[in-house]
Student: 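I have a structure I would like to understand better, so I am pasting it below and will then ask my questions one at a time.
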2 protein chains.
Amino acid sequence: MNTHSRPVTLRMIADEVAVDTSTVSRILNSTDLDARRWGSVELIAKVRLVAAARGYRRNPQAASLRTRRSGLVGVLVPRLQDPVLATIYEGIEESATEQGVSTFVTNSMDDPETQATRTELMLARRVDGLIFGDARTDSPYLDDLAARGVTFVLVSRHAGNHIAVTCDDLLGGRLVANSLLASGRRKIAILSGQPYASTAQDRATGAIEACREAGVHIPERNVLAGGFDVAGGRKAMEELLACGERPDAIFATNDFAAIGAMGVLRDRGMRVPDDVAVVGYNDTPIAAELGIPLTTVRSPMHEMGRLGIDLLLRMLRGEPVESVRLPPELIIRGTSS
Amino acid sequence: MNTHSRPVTLRMIADEVAVDTSTVSRILNSTDLDARRWGSVELIAKVRLVAAARGYRRNPQAASLRTRRSGLVGVLVPRLQDPVLATIYEGIEESATEQGVSTFVTNSMDDPETQATRTELMLARRVDGLIFGDARTDSPYLDDLAARGVTFVLVSRHAGNHIAVTCDDLLGGRLVANSLLASGRRKIAILSGQPYASTAQDRATGAIEACREAGVHIPERNVLAGGFDVAGGRKAMEELLACGERPDAIFATNDFAAIGAMGVLRDRGMRVPDDVAVVGYNDTPIAAELGIPLTTVRSPMHEMGRLGIDLLLRMLRGEPVESVRLPPELIIRGTSS
DNA sequence: ATGCACTGCACAAACGTTTGTCGCAACCTA
DNA sequence: TAGGTTGCGACAAACGTTTGTGCAGTGCAT
């Protein structure tokens with residue numbers, strides 16, 4: 001009950017049981033059965049008892065100094081404020097704590113320089129490995145990192161042939177296009193997000209391919225780059241309309257971009273879905289609750305996070321791993337009926 | 001360029017400069033001027049040079065083993081998926097990295113038991129202090145923690161008289177109520193969120209007080225508890241309508257609850273804002289982009305995060321600190337015109 | 001000439017773990 | 001009975017820092 005008593009150490013409990021700290025360490029670090037190699041049954045019981053009674057918690061920094069493993073992993077995301085990445089991170093953090101490792105997360109703002117400095121900061125913290133949710137297809141940074149022997153996995157986006165956990169965005173795009181085509185839409189425009197993000201590009205590419213296979217051509221000028229947020233969708237949509245285009249369907253590769261686009265459509269008096277259908281991506285919780293519920297593609301964000309950290313930990317254990325691609329699911333709602 | 005060379009240590013650079021590690025440590029840990037106490041000008045320059053050339057990064061776990069300070073702070077939030085908390089955390093993390101400390105964040109799901117176990121996990125990681133974004137007014141847990149000598153600050157919500165950084169939610173509630181009253185609304189209902197969250201309660205209380213001062217009574221049955229998300233707002237709204245109430249204004253103490261409520265209103269054919277005005281809270285980025293732009297109260301989330309960690313670090317340095325209450329700002333938009 | 005304060009560094013002891021190695025019984029096998 | 005194995009545990013050396021103390025040499029005043 002002492003307000004500022006120093007933490008209990010191995011030494012204290014070793015003294016109390018009258019054995020060496022090494023013995024206590026071994027006993028506390030192995031399972032009941034395995035511990036029999038290191039002490040008699042009574043000793044094991046007594047050590048465990050005293051440790052629990054004194055409230056022993058091993059000092060992680062002392063341990064990692066010795067073991068050269070920190071039990072820490074760094075996570076980089078473009079922006080945690082983005083609910084998509086926040087959800088992925090929740091999955092990462094959840095599985096990480098279950099497995100006894102801790103995670104640092106930080107924003108890179110999708111800026112290559114920030115990404116590099118933040119990564120170095122993580123490495124300076126002696127993380128065992130990294131998870132990138134902000135991989136760029138246009139940067140060799142990850143290749144350099146791999147060459148340096150740093151262990152990492154990618155989530156959400158893929159790049160190069162680094163280990164990655166992604167949603168099958170190519171398929172997601174195809175699902176959207178096929179659905180729009182089936183409902184008679186022909187003049188499809190795509191708000192495709194950042195050009196360096198594989199998510200955006202794959203979704204757009206999938207849609208374009210599906211259209212082409214159905215004999216529908218999507219002209220270049222109808223594929224707009226923009227951000228993955230409301231403002232980005234708004235901007236891209238304005239740009240599109242400014243060119244004089246009058247599409248009958250909008251595929252935004254992100255729910256928030258879709259919301260931004262719908263804001264512009266409302267301002268211009270264009271009705272959804274009568275004049276123009278709108279489809280998003282990710283099935284964010286609000287998608288279903290909008291004035292007109294949003295048609296979207298559900299991607300397994302939470303699971304991607306869990307799988308990401310699981311893969312990383314397996315790599316750190318030296319096990320062989322392979323990239324994972326999870327299936328998307330089209331959810332048809334009011335904006336494309 | 002060695003793929004797996006071991007990190008550079010003090011020892012290595014000490015050997016190269018032919019001085020003791022202690023000297024190197026002192027030089028590297030002080031500013032140029034201050035370092036003069038520990039070595040000649042030439043030595044300081046040489047040490048700095050070699051350290052930079054070899055890419056020396058101090059080992060944080062070795063340092064904290066010695067100093068008994070980890071440079072780590074733990075952050076607990078109800079749910080990171082909630083953009084409000086995500087934004088607050090961004091503020092925390094931003095200022096923390098600027099000041100050279102690292103943060104762990106984890107979800108408590110607003111569950112007292114999870115909150116306690118996660119806190120213990122953080123303490124086992126030897127964090128120097130904690131930030132709680134999930135304080136409950138109905139739990140003595142934080143008092144116990146304070147009694148144990150743990151350093152922490154609260155953000156977003158306050159509880160007891162622990163140091164906290166909050167928005168003036170009482171005032172925020174009053175602003176909303178006065179605005180609704182000014183536009184002629186009289187039958188005001190409040191979706192007040194979790195009863196144990198000071199944010200929800202203060203916002204509701206502020207509104208109720210302002211109404212009473214204006215001679216308008218809000219009956220108990222028009223104040224509904226619910227979650228801070230879309231589903232919670234939807235549920236509370238359905239509950240309200242099920243009681244036969246027909247309010248002409250809804251004050252949801254959270255933007256997402258407001259969106260959920262508007263979903264229900266739409267289903268019932270009630271028009272916003274003609275039949276019923278809707279006001280949210282927090283001014284989330286989507287608020288401005290909804291089918292009908294949402295009237296809301298802007299709360300300084302990012303700044304609350306920054307101030308929270310700043311206060312904590314000051315406390316850890318032994319400086320005296322006081323709670324901070326930041327002003328809200330009413331943003332009137334389409335849902336209450 | 002003696003004392004004293006600086007300057008500029010070295011020495012060494014921690015901090016709390018983990019882990020390779022060794023010792024010493026008792027027990028089995030031949 | 002000799003030699004080998006097994007069970008139970010101690011010893012000690014790290015891991016990379018930080019920090020209290022010591023100690024020469026120099027300059028200055030006494």
Side-chain angles (χ1 to χ4, degrees), chain A residues 5-30 32-48 50-51 54-72 100 123-126 128, chain B residues 5-30 32-48 50-51 54-72 100 123-126 128:
Chain A
S5 61
R6 297 230 308 226
V8 181
T9 73
L10 272 188
R11 172 87 262 141
M12 300 182 198
I13 101 141
D15 284 349
E16 185 163 344
V17 188
V19 291
D20 191 78
T21 59
S22 60
T23 307
V24 179
S25 171
R26 291 193 233 253
I27 290 180
L28 257 28
N29 285 329
S30 28
D32 269 318
L33 267 72
D34 212 34
R36 276 297 284 106
R37 282 179 36 70
W38 306 113
S40 65
V41 178
E42 312 88 59
L43 180 61
I44 294 175
K46 190 165 181 190
V47 165
R48 288 233 153 81
V50 173
R54 294 279 167 276
Y56 171 76
R57 302 288 217 168
R58 87 175 192 177
N59 183 319
Q61 20 266 11
S64 41
L65 181 58
R66 173 67 225 242
T67 60
R68 314 180 142 290
R69 271 172 289 107
S70 60
L72 262 30
L123 292 173
R125 276 280 173 195
R126 299 304 200 269
D128 293 335
Chain B
S5 61
R6 296 231 308 227
V8 181
T9 74
L10 272 188
R11 175 85 261 144
M12 300 182 197
I13 100 141
D15 284 349
E16 186 163 342
V17 189
V19 291
D20 191 77
T21 59
S22 61
T23 306
V24 178
S25 171
R26 292 193 233 252
I27 290 181
L28 258 29
N29 284 329
S30 28
D32 269 317
L33 268 71
D34 212 32
R36 275 297 286 106
R37 283 181 35 70
W38 307 114
S40 65
V41 178
E42 312 89 58
L43 180 61
I44 293 175
K46 189 165 180 189
V47 165
R48 286 232 153 83
V50 173
R54 293 280 166 277
Y56 171 75
R57 301 289 217 169
R58 85 172 190 183
N59 183 318
Q61 19 268 8
S64 40
L65 182 57
R66 175 63 225 243
T67 61
R68 313 178 143 292
R69 269 172 291 106
S70 60
L72 262 31
L123 291 173
R125 274 277 173 199
R126 300 303 199 268
D128 293 334

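Here is how names work: the chains are called A, B, and so on, in the same order as the sequence lines, proteins then strands, and each is numbered from 1. Worth knowing before you read on, the calculation uses all heavy atoms, side chains too, and leaves out hydrogens, waters and symmetry mates.
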Student: Without decimals, in angstroms, what is the distance between A:Tyr56 OH and C:dT17 C1'?
Tutor: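 In whole Å, C:dT17 C1' lies 7 Å from A:Tyr56 OH.
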Student: What residue among A:Ile27, A:Thr21, A:Leu28, A:Asn29 forms side-chain contact (heavy atoms from CB on, under 4.5 Å) with A:Ser25?
Tutor: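 Passing option: A:Asn29.
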Student: Quickly work out the B:Arg11 CZ to C:dA10 P distance and round it to whole Å.
Tutor: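 Between P of C:dA10 and CZ of B:Arg11: 10 Å.
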Student: Return the nearest nucleotide to the side chain of B:Leu10; candidates are D:dT17, D:dG9, C:dT17.
Tutor: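 That would be D:dT17.
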Student: Using heavy-atom distances to pick each residue's nearest nucleotide on DNA chain D, tell me which of A:Gly39 and A:Thr21 is more 5'.
Tutor: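 Comparing both residues, the 5'-ward one is A:Gly39.
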Student: Below 4.5 Å, heavy atoms only, C-beta onward: do B:Pro7 and B:Arg57 meet side chain to side chain?
Tutor: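 No, side chains not in contact.
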Student: When the distance from CZ of A:Arg126 to C1' of C:dT17 is rounded to whole Å, what number comes out?
Tutor: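 Nearest whole value for this atom pair: 18 Å.
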Student: With a non-hydrogen cut-off below 4.0 angstrom, is A:Asn59 in contact with a base, only sugar-phosphate, or nothing?
Tutor: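 Sugar-phosphate contact only.
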Student: Take the protein atom CD1 of A:Ile27 and the nucleotide atom P of D:dG7, then report the distance between them rounded to whole Å.
Tutor: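 After rounding, the reported distance stands at 15 Å.
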Student: What is the separation between atom CZ on B:Arg68 and atom P on D:dT19, rounded to the nearest whole Å?
Tutor: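 Value for this atom pair: 12 Å.
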Student: Could you state the CZ-C1' distance from A:Arg69 to D:dC15, rounded to the nearest angstrom?
Tutor: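 A:Arg69 atom CZ is separated from D:dC15 atom C1' by 13 Å.
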Student: List for me each residue that meets side-chain hydrogen bond (donor to acceptor under 3.5 Å, both in side chains) alongside B:Arg37, sequence neighbours excluded, and say none if there are none.
Tutor: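 Once residues adjacent in sequence are excluded, B:Arg37 has no partner under the side-chain hydrogen bond (donor to acceptor under 3.5 Å, both in side chains) criterion.
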Student: Does any part of the side chain of A:Gln61, heavy atoms only, come nearer than 4.5 Å to the side chain of B:Ser64, both counted from C-beta?
Tutor: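 Touching, per the 4.5 Å side-chain cut-off.
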Student: Using a heavy-atom cut-off of 4.0 Å across all strands, would you classify A:Thr9 as base, sugar-phosphate, or nothing?
Tutor: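 Touches sugar-phosphate only.
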Student: Which is true for B:Ala35 with a 4.0 Å heavy-atom rule: it touches a base, it touches only sugar-phosphate, or it touches nothing?
Tutor: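 The answer is nothing, as B:Ala35 stays clear of every strand by at least 4.0 Å.
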Student: Which part of the nucleic acid, if any, lies within contact of B:Ser25, taking any heavy atom under 4.0 Å across all strands shown: a base, the sugar-phosphate backbone alone, or nothing?
Tutor: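 Base contact.
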Student: Just how far, in rounded Å, is P of D:dG7 from CG of A:Leu43?
Tutor: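 In whole Å, D:dG7 P lies 16 Å from A:Leu43 CG.
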Student: Just to verify, what does B:Ser70 make a side-chain hydrogen bond (donor to acceptor under 3.5 Å, both in side chains) with, not counting sequence neighbours?
Tutor: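 Residues passing side-chain hydrogen bond (donor to acceptor under 3.5 Å, both in side chains) with B:Ser70: B:Asp128.
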Student: Would you tabulate the pairs of protein nitrogen or oxygen atoms and nucleotide nitrogen or oxygen atoms of nucleotides 20-27 of chain D closer than 3.5 angstrom?
Tutor:
residue	atom	partner	partner atom	Å
D:dG20	O6	B:Arg26	NH2	2.2

Student: Return the nearest nucleotide to the side chain of B:Asp20; candidates are C:dA12, D:dG7, C:dT17.
Tutor: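 From the listed options, C:dA12 comes nearest.
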Student: If you only use heavy atoms from C-beta on, which nucleotide in C:dC15, C:dT19, D:dC15 is closest to the side chain of A:Thr67?
Tutor: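 Nearest nucleotide to the side chain: C:dT19.
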Student: Sequence neighbours excluded, which residues qualify as salt bridge (charged side-chain N to carboxylate O under 4.0 Å, His left out) partners of B:Arg48?
Tutor: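 Applying salt bridge (charged side-chain N to carboxylate O under 4.0 Å, His left out) to B:Arg48 gives B:Asp32.
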Student: Is any side-chain N or O of A:Thr23 closer than 4.0 Å to OP1 or OP2 of D:dA10?
Tutor: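 Answer is yes, contact under 4.0 Å.
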Student: Just compare C:dA10, D:dC15, C:dT17 and give me whichever is closest to any side-chain atom of A:Leu65.
Tutor: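 Selected nucleotide: D:dC15.
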Student: Can you tell me which residue pairs pass the salt bridge (charged side-chain N to carboxylate O under 4.0 Å, His left out) test with a partner in residues 9-23 of chain A, sequence neighbours excluded?
Tutor: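 Qualifying pairs, neighbours excluded: A:Arg11-A:Asp15, A:Glu16-A:Arg54.
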Student: Rounded to whole angstroms, how far apart are CD on A:Glu42 and C1' on D:dC8?
Tutor: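 Going from CD in A:Glu42 over to C1' in D:dC8 covers 11 Å.
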Student: For B:Ala62 and B:Val19, take the nucleotide of DNA chain C holding the closest heavy atom to each; which residue's nucleotide lies nearer the 5' end?
Tutor: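 Per heavy-atom nearest nucleotide, the more 5' residue is B:Val19.
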Student: If the condition is salt bridge (charged side-chain N to carboxylate O under 4.0 Å, His left out), which residues does B:Asp34 pass it with, not counting sequence neighbours?
Tutor: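 For B:Asp34 there are no salt bridge (charged side-chain N to carboxylate O under 4.0 Å, His left out) partners, ignoring immediate neighbours.
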Student: For C:dG8, does OP1 or OP2 lie under 4.0 Å from any side-chain N or O of B:Arg36?
Tutor: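 Affirmative; the distance criterion is met.
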